[in-house]
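Lettering of chains follows the sequences in order, A, B, ..., and the numbering in each one begins at 1.
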Amino acid sequence: MHKFTCEYTLILMRSASLNQSLLKWYDRHARRLPWRVSPEDRKLGEIPDPYRIWLSEVMLQQTTVAAVKDYFEKFTNAWPSVEDLAAADEEDVMKAWAGLGYYSRARNLKKCADTVARDHGGRFPEAEDALLKLPGIGPYTAAAIATIAFDRHAAVVDGNVERVLTRLTQIETPLPEAKSQIRDVMATLTPHDRPGDFAQAVMDLGATICTPKRPACGLCPWMSDCKVQNSSLAEALPRKAPKKEKPTRYGAAFVAVDRESGAILLRRRPPKGLLGGMTEVPGTDWSEAFDVSGAQEHVPFPSEWRICAGVVKHTFTHFHLRLTVLRAYAPQDILRMVEGTWWSPPAALDEEALPTVMRKVLSAALD
DNA sequence: CATCCGTGGGA
DNA sequence: TTCCCAAGGAT
């Protein structure tokens, strides 16, 4: 059991009033999003499409709305239903996902579509625990789909909810220890009528008003109930463990250009781990020791490799990367083709499953 | 529970 | 420039 402060209990006793005031705010301020059924359309009887809810929620994992919008459009145009996605080639899915990051999401997205099509007759299960069993669907996404798509009562807890509720009830316990307490508060606050709209309302509140920096407390529908309203304490919550420093890794990347066609030599990365299954140009390992001269051992073929101006700098989740780019011109037949490598003509380059760091490499080599 | 896993935009 | 972090999941 958690220790409940007096004020904290008071908040929970007022949950009926709190969720009504927030839903009222949501009716007027809900963001228009491509995958969302607006409150007024919902009242007119429009039902959300579980496929679109699922797709958007997976794309939104650790990713901003602005970054997701074009990808959501691309995916729903190419694959309008979960059956369409199940019938797609995984390689085409990876190509469409390229640039959005966290590529295991794309592989699990495809696996999940396959499972839903094969084992569930093309319909997503409605229960939270059944959704949780599907690939790429964790506690947050299972609750979000259950409540937004199927109107089930579920405690949706994401980063926004954590921020809003730790502030509202002044939970000073640092994350991740506070997670279970936050989930309890959310479960209590969530109404049985319009639970999905309520979840989206808390997330919208966190995204637009109760922001990490400089929250707009004066515009908040929960201001009068909030324990830290207009206080410097608001920005300090939720409390988190200090993060580790990112090391810097170094490496070299080889851009081989066919003089005739301009085709570029590419290869596939291993299926798991960093950038798993994505496409790259040949290169060295990325190590913490800077050693460009050692790169010569890794060239795809002997040639006059020239160092390109401008070291490519890129930051991943847990390290910084500095890549020295080398370029050489060579006919395609100079290379005894290795399994998993191919020459990609310039017109096809945009469609390759190239992660952003590799597009930076090509830009440094070719511009 | 800790670690690994991308990216782009804002302060 | 550098740092922060955004609708997390898998292992």
How close or far is atom P of C/dT11 from atom NZ of A/Lys272, stated in whole angstroms?
7 Å
What's in the same ILVMFWY side-chain cluster as A/Leu132, cut-off under 4.5 Å, chained through other members?
none
Under 4.0 Å between any heavy atoms, over every strand shown, what does A/Leu109 touch: base, sugar-phosphate, or nothing? Just pick one.
nothing
Supply the members, apart from A/Val228, of the Ile/Leu/Val/Met/Phe/Trp/Tyr cluster built from side-chain contacts under 4.5 Å; use none for a lone residue.
A/Leu233, A/Leu237
With respect to the phosphate group of C/dA6, does any side-chain polar atom (N or O) of A/Arg163 fall under 4.0 Å of OP1 or OP2?
yes
Single-linkage hydrophobic cluster A/Val185~A/Leu18, side-chain heavy atoms < 4.5 angstrom
yes
Taking atom P of C/dG8 as reference, at what distance in whole Å does atom CD1 of A/Ile182 sit?
13 Å
Stretch residues 131-141 of chain A: residues that reach within less than 4.0 Å of DNA chain C through a heavy atom:
A/Pro135, A/Gly136, A/Ile137, A/Gly138, A/Pro139, A/Tyr140, A/Thr141
For A/Arg107, report the nucleic acid contact type (base, sugar-phosphate, nothing); a contact means any heavy atom under 4.0 Å.
nothing
Side-chain donor-acceptor contacts of residues 271-291 of chain A below 3.5 Å, not counting sequence neighbours, with atom names and distances?
| residue | atom | partner | partner atom | Å |
| --- | --- | --- | --- | --- |
| A/Thr279 | OG1 | A/Arg268 | NH1 | 3.0 |
| A/Glu280 | OE1 | A/Arg269 | NH1 | 2.8 |
| A/Glu280 | OE2 | A/Arg267 | NE | 2.8 |
| A/Glu280 | OE2 | A/Arg267 | NH2 | 3.1 |
| A/Thr284 | OG1 | A/Ala252 | N | 2.9 |
| A/Ser287 | OG | A/Ala289 | O | 3.2 |
| A/Asp291 | OD1 | A/Ser293 | OG | 3.0 |
| A/Asp291 | OD1 | A/Gly294 | N | 3.1 |

For the pair made of NZ in A/Lys240 and P in C/dC3, what is the distance, rounded to whole Å?
17 Å
Which residue pairs pass the salt bridge (charged side-chain N to carboxylate O under 4.0 Å, His left out) test with at least one member in residues 43-64 of chain A, sequence neighbours excluded?
A/Asp27-A/Lys43
Output the rounded distance in Å from CD (A/Glu235) to P (B/dG10).
18 Å
Expected list for residues 82-89 of chain A: side-chain donor-acceptor pairs under 3.5 angstrom, two or more places apart:
| residue | atom | partner | partner atom | Å |
| --- | --- | --- | --- | --- |
| A/Asp84 | OD2 | A/Ser81 | N | 3.1 |
| A/Asp84 | OD2 | A/Ser81 | OG | 3.0 |

Considering only the P atoms, how many Å lie between B/dG8 and C/dG9, rounded to the nearest integer?
22 Å
Identify, with sequence neighbours excluded, every residue that meets side chain to side chain contact (heavy atoms under 4.5 Å, CB included) alongside A/Thr208.
A/Trp25, A/Arg31
With respect to the phosphate group of B/dC1, does any side-chain polar atom (N or O) of A/Lys179 fall under 4.0 Å of OP1 or OP2?
no
Taking distance alone, no hydrogens or angles, what donor-acceptor pairs closer than 3.5 Å link side-chain atoms of residues 117-128 of chain A to residues at least two apart or in another chain?
none

Separation of C/dA6 C1' from A/Met203 CE (nearest whole Å)
13 Å
Find the distance A/Leu60:CG to B/dT7:C1' and express it as a whole number of Å.
14 Å
note: A/Lys313, atom NZ; B/dT7, atom P; distance rounded to Å ~ 17 Å
A/Arg322 to A/Tyr250 six-membered ring, cation-pi geometry met (6.0 Å, 45°):
no
Separation of atom CG in A/Asp70 from atom C1' in B/dT7, rounded to whole Å
14 Å
Atom pairs, N/O to N/O, protein against nucleotides 4-6 of chain B, distance under 3.5 Å?
| residue | atom | partner | partner atom | Å |
| --- | --- | --- | --- | --- |
| B/dC5 | OP1 | A/Leu274 | N | 3.3 |
| B/dC5 | OP2 | A/His318 | NE2 | 2.4 |
| B/dG6 | OP1 | A/Tyr102 | N | 3.4 |
| B/dG6 | OP1 | A/Tyr103 | N | 2.9 |
| B/dG6 | OP2 | A/Leu275 | N | 2.4 |
| B/dG6 | O4' | A/Tyr102 | N | 3.1 |
| B/dG6 | N7 | A/Tyr102 | OH | 3.4 |
| B/dG6 | N7 | A/Thr317 | OG1 | 2.9 |
| B/dG6 | O6 | A/Tyr102 | OH | 3.1 |
| B/dG6 | N1 | A/Gln62 | O | 2.9 |
| B/dG6 | N2 | A/Gln62 | O | 3.3 |
| B/dG6 | N2 | A/Thr63 | OG1 | 3.0 |

